[in-house]
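Structure, as structure tokens:
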Amino acid sequence: KNQVEQSPQSLIILEGKNCTLQCNYTVSPFSNLRWYKQDTGRGPVSLTIMTFSENTKSNGRYTATLDADTKQSSLHITASQLSDSASYICVVSRGNAGNMLTFGGGTRLMVKP
Amino acid sequence: DVKVTQSSRYLVKRTGEKVFLECVQDMDHENMFWYRQDPGLGLRLIYFSYDVKMKEKGDIPEGYSVSREKKERFSLILESASTNQTSMYLCASRYPGTSGRNEQFFGPGTRLTVL
């Protein structure tokens with residue numbers, strides 16, 4: 001069964017601290033993996049995308065890693081800001097054209113001053 | 001910038017009513033999608049459309065239908081709303097490509113409550 005599991009479900013950190021969010025998947029055939037950020041009351045927005053051959057991708061203070069052997073990905077946020085408070089969703093594309101998506105349940109991050 | 005808009009941010013309907021959710025994108029994307037998002041379940045695909053007048057069932061199409069008469073507009077229809085259809089509904093669009101890297105751009109969502 002194609003599944004994407006994220007942990008933790010929710011996380012509270014202090015402003016300025018780092019954090020790491022986890023994503024494990026059992027999707028096959030794997031095409032690519034995206035991390036999305038979803039602010040409250042808004043649609044998800046893509047942060048990073050990685051294919052099978054890419055094991056790290058950065059976007060500002062966000063760094064995503066991918067281990068295709070263990071089928072795990074992580075999203076590391078450095079020097080967190082209040083605006084990082086959001087849900088972070090791991091999305092795995094499957095199929096030869098990568099058109100079918102499997103979504104994780106998301107991690108809700110709250111950054112406190 | 002891609003813009004995906006949805007007709008309502010919040011909607012309250014009664015059981016048995018017919019409900020229309022509208023989605024419009026301004027980037028001439030062929031592919032459009034309707035998802036529902038529920039706590040702990042993530043986003044689940046209801047229907048998608050590869051092009052005008054084309055539609056395909058997603059993972060949870062029961063109780064829903066769709067219409068794609070124009071390229072920029074994709075409508076989700078609840079023929080007879082039920083309380084278990086209370087949810088956040090998200091529309092997305094994408095320019096198709098064989099690599100699968102093309103991003104889906106999401107609308108702001110419609111939070112539907114069925115009483």
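Every chain is numbered from 1, with letters handed out A, B, ... down the list of sequences.
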- Among the clusters formed by ILVMFWY side chains lying less than 4.5 Å apart, do B:Tyr10 and B:Tyr89 turn up in the same one? no

- To the nearest 0.5 Å, how far apart are CZ in B:Phe106 and CD in A:Gln38? 8.0 Å

- Query: Are B:Val24 and B:Ile46 co-members of a hydrophobic cluster defined by side-chain heavy atoms under 4.5 Å apart?
  - Reply: no

- Flag side-chain contact, heavy atom, 4.5 Å: B:Gln37 against A:Ile89: yes

- Item | Hydrophobic cluster identity match, B:Trp34 and B:Ile77, side-chain contacts under 4.5 Å | no

- Considering non-hydrogen atoms only, spot the tightest contact between B:Leu90 and A:Pro44 and give its length. CD1-CD, 4.1 Å

- Note on the structure: The reported gap from CZ in A:Phe103 to CG in B:Leu41 (rounded to nearest 0.5 angstrom) is 13.5 Å

- Item | Side chain proximity check, A:Arg34 to B:Gln104, heavy atoms < 4.5 angstrom | no

- Task: Under 4.5 Å heavy-atom distance to chain A, tell me which part of B:Arg111 shows up: side chain, backbone, both or neither.
- Result: neither

- A:Gln6 versus chain B, heavy atoms under 4.5 Å apart: side chain, backbone, both or neither? neither

- Task: Measure distances from B:Gln6 to the heavy atoms of chain A and classify the residue's part below 4.5 Å as side chain, backbone, both or neither.
- Result: neither

- Message: I need the residue from A:Gly106, A:Gly104, A:Gly41 with the largest number of non-hydrogen atom pairs under 4.5 Å to chain B.
- Response: A:Gly41

- Task: Determine whether B:Tyr50 and B:Tyr47 fall in the same hydrophobic cluster, where Ile, Leu, Val, Met, Phe, Trp and Tyr are linked whenever their side-chain heavy atoms lie under 4.5 Å apart.
- Result: no

- Closest non-hydrogen atom pair, B:Glu103 against A:Tyr36: CG-OH, 3.9 Å

- Item | Over 12 non-hydrogen atoms of neighbours within 6.0 angstrom of CD in A:Gln72 | yes

- Looking only at heavy atoms, what is the nearest atom pair of A:Leu101 and B:Tyr35, with distance? CD1-OH, 3.7 Å

- Ranked by heavy-atom pairs below 4.5 Å to chain B, first place among A:Gly105, A:Ser87, A:Ser46 goes to A:Ser46

- Task: Tell me whether A:Tyr88 is reachable from A:Ile13 by hopping between hydrophobic residues (I, L, V, M, F, W, Y) whose side-chain heavy atoms are closer than 4.5 Å.
- Result: yes

